[in-house]
Amino acid sequence: MSIVNVLIVVFIFFSSTAVKAETCNINARVTQIPPLFYQDESKQWVGLTIDLTKELLKEANCDVNFENINWARSLELMKSGQVDMMMNMSITDERKEYIHFIGPHNNETIQLLLKKSVNTEIQSLDDIKNLPGKIGIQHGAYFGKAFKDKIENDPVFADKFEKTYSQENNVKKLKLGRIIGILRQNYSGVSAETELMKTGEYKVDPFVINTNQVYFGFSKKSVPTTLIKRLEQAFESVSLNKGFQRVIDSYK
């Protein structure tokens with residue numbers, strides 16, 4: 001083989017290796033909560049959070065596979081590396097042990113969504129103890145430090161909440177009358193409970209339980225540091241070009 005042919009083979013080999021190094025596959029957790037995540041008629045995942053995720057991963061030259069998994073189980077799978085990515089994540093000290101956070105990609109506000117028949121005035125977390133029934137919340141979800149401290153140290157307050165493994169289950173229980181409300185998640189003015197509110201049977205209490213920024217989270221077990229750096233660069237690039245803001249604005 002001539003030197004020229006050898007050089008061509010070497011060039012092709014390293015070019016192929018470089019292309020492989022530049023691509024990646026991400027397994028991302030989703031759930032059925034329109035307009036944030038839902039499957040359309042062709043069974044494709046769409047929604048605000050899906051579009052934000054695609055903006056990031058496209059810029060990072062990554063393919064994505066969406067998996068419908070409840071929140072609490074997803075956190076455990078992030079620890080083991082069986083799920084690579086979660087979205088709309090609040091940063092906590094516990095989560096920082098096994099998750100890389102990139103962002104923020106949105107702002108989250110938590111309020112009570114109640115049946116219209118509930119007339120209890122809520123001006124503080126303590127007032128929630130006066131509600132005439134239980135509120136549905138998700139295992140593993142974070143609603144701010146004040147809420148966390150309250151539910152861990154006030155048994156009467158804690159007894160007002162009924163935990164389940166997904167917001168979908170909370171919505172089902174609310175519709176069946178087994179609970180009187182849920183914690184509503186609002187992202188930059190886009191509510192995760194839009195479809196529920198369309199029924200006219202519920203109201204959002206003005207008291208704000210928590211507000212904070214939320215992030216893309218990546219498993220430290222399955223996503224290498226080199227890829228994290230690439231994803232951070234992709235985030236900066238999309239943010240600079242206002243790609244995330246354009247997606248959010250399109251849902252308002």
Side-chain angles (χ1 to χ4, degrees), residues 22-40 44-69 71 74-75 78 83-92 95-96 98-111 138 141-144 167 183-195 197 204 208-220 222-252:
E22 291 174 359
T23 60
C24 70
N25 269 291
I26 296 291
N27 290 320
R29 174 264 178 189
V30 293
T31 190
Q32 191 78 16
I33 305 180
L36 303 182
F37 320 80
Y38 63 99
Q39 285 183 296
D40 62 17
Q44 298 297 308
W45 285 99
V46 295
L48 170 59
T49 304
I50 298 293
D51 289 348
L52 292 171
T53 302
K54 287 180 175 178
E55 283 287 318
L56 174 69
L57 297 184
K58 180 181 178 182
E59 183 67 23
N61 195 26
C62 291
D63 295 325
V64 61
N65 174 52
F66 294 114
E67 298 185 54
N68 190 354
I69 310 170
W71 184 265
S74 296
L75 290 173
M78 288 279 278
V83 165
D84 303 318
M85 180 182 187
M86 293 176 69
M87 296 76 86
N88 297 332
M89 300 201 77
S90 298
I91 297 177
T92 69
R95 292 175 183 176
K96 284 194 289 187
Y98 59 95
I99 294 174
H100 293 281
F101 290 96
I102 295 177
H105 67 75
N106 218 329
N107 297 304
E108 177 186 70
T109 301
I110 304 295
Q111 294 168 279
Q138 293 183 82
Y142 181 75
F143 305 113
Q167 190 72 335
L183 293 190
R184 175 202 189 226
Q185 300 161 302
N186 185 290
Y187 297 95
S188 297
V190 181
S191 172
E193 289 76 34
T194 298
E195 295 302 312
M197 291 299 294
V204 176
V208 175
I209 291 174
N210 188 57
T211 182
N212 62 214
Q213 295 177 313
V214 290
Y215 295 73
F216 298 112
F218 294 89
S219 169
K220 289 186 176 181
S222 61
V223 182
T225 303
T226 52
L227 181 52
I228 290 297
K229 290 179 180 178
R230 200 165 93 205
L231 289 162
E232 288 173 338
Q233 291 171 352
F235 179 85
E236 293 300 324
S237 178
V238 176
S239 298
L240 186 63
N241 293 322
K242 302 189 182 301
F244 296 125
Q245 191 60 52
R246 282 195 296 273
V247 170
I248 292 169
D249 290 344
S250 72
Y251 280 83
K252 291 182 178 180

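No hydrogens, no waters, no symmetry mates; every other heavy atom, side chains included, goes into these values.
- Remark: Phe143 pairs with Phe147 by the ring-ring contact (aromatic ring centres under 6.0 Å, His included) rule, at least two apart or across chains.
- For the atom pair Leu227 CG and Cys62 SG, the distance stands at 5.0 Å (nearest 0.5 Å).
- For Asn241, the side chain to side chain donor-acceptor pair (under 3.5 Å) criterion is met by no residue, not counting sequence neighbours.
- Looking at residues two or more places apart in sequence or on another chain, you find a salt bridge (Lys or Arg N to Asp or Glu O under 4.0 Å) between Lys96 and Asp93.
- With sequence neighbours left out, the side chain to side chain donor-acceptor pair (under 3.5 Å) criterion links Tyr187 to Glu108.
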Item to check | Derivation of the side-chain contact (heavy atoms from CB on, under 4.5 Å) call for Ile102 and Met85 | outcome: CA-CA 11 Å; Ile102 295 177; Met85 180 182 187; over 6 Å; no

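- Within the structure, side chain to side chain donor-acceptor pair (under 3.5 Å) pairs that include any residue of residues 44-53 comprise Thr49-Asn88, Asp51-Tyr251 (at least two apart or interchain).
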Next on the checklist: Using the rule given for side-chain contact (heavy atoms from CB on, under 4.5 Å), can you reason through Asn107 versus Thr211, listing the C-alpha separation, both sets of side-chain angles and the distance that settles it, and then say yes or no?
Outcome noted: CA-CA 7 Å; Asn107 297 304; Thr211 182; 5.6 Å; no

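- Ser219 places no side-chain N or O within 3.5 Å of a backbone atom of Asp84 that could act as its donor or acceptor partner.
- Scored by the side chain to side chain contact (heavy atoms under 4.5 Å, CB included) test, Glu55 finds Val238, Phe244, Val247 as partners (sequence neighbours excluded).
- Between the Arg184 side chain and the Gln111 main chain, no donor and acceptor come within less than 3.5 Å of each other.
- The side-chain heavy atoms of Tyr142 and Ile91, taken from C-beta on, include no pair separated by under 4.5 Å.
- Leu183 CG to Glu193 CD: the interatomic distance, rounded to the nearest 0.5 Å, is 9.0 Å.
- In this structure, CE on Met86 lies 12.0 Å from CZ on Phe218, to the nearest 0.5 angstrom.
- Residues meeting the side chain to side chain donor-acceptor pair (under 3.5 Å) test with Gln185, sequence neighbours left out: none.
- For the atom pair CD1 of Ile110 and CG of Asn212, the computed distance is 7.5 Å after rounding to the nearest 0.5 Å.
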Checklist entry - After noting the C-alpha distance and the side-chain angles of Ser222 and Asn27, does the key distance pass the side-chain contact (heavy atoms from CB on, under 4.5 Å) rule? => result CA-CA 10 Å; Ser222 61; Asn27 290 320; over 6 Å; no

Next on the checklist: Is there a side-chain contact (heavy atoms from CB on, under 4.5 Å) between Ile50 and Val30? Walk through the geometry before answering.
Outcome noted: CA-CA 8 Å; Ile50 298 293; Val30 293; 3.5 Å; yes

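- At least one side-chain heavy atom of Met89 sits under 4.5 Å from a side-chain heavy atom of Ile99.
- With sequence neighbours excluded, no residue forms a side chain to side chain donor-acceptor pair (under 3.5 Å) with Arg95.
- Listed by chain and number, the residues in a side chain to side chain contact (heavy atoms under 4.5 Å, CB included) with Val64 are Ala28, Leu57, Phe66 (sequence neighbours excluded).
- For the side chain to side chain contact (heavy atoms under 4.5 Å, CB included) test, residues two or more places apart in sequence or in another chain that qualify with Ile248 are Leu48, Leu52, Asn106, Ser188, Gln245, Lys252.
- When every heavy atom of Ser191 is checked against every heavy atom of Pro35, the shortest pair comes out as O-CD, 3.0 Å.
- A distance of 10.5 Å separates OG1 of Thr31 from CH2 of Trp71, quoted to the nearest 0.5 Å.
- Within the 4.5 Å cutoff, the side chain of Val214 has heavy atoms near those of the Ser90 side chain.
- With sequence neighbours left out, Glu195 forms a side chain to side chain contact (heavy atoms under 4.5 Å, CB included) with Pro34, Lys198.
- The nearest pair of heavy atoms linking Arg29 to Ser74 is CG-OG, 2.8 Å.
- For the atom pair CD1 (Ile33) and OG1 (Thr194), the distance works out to 11.0 Å, reported to the nearest 0.5 Å.
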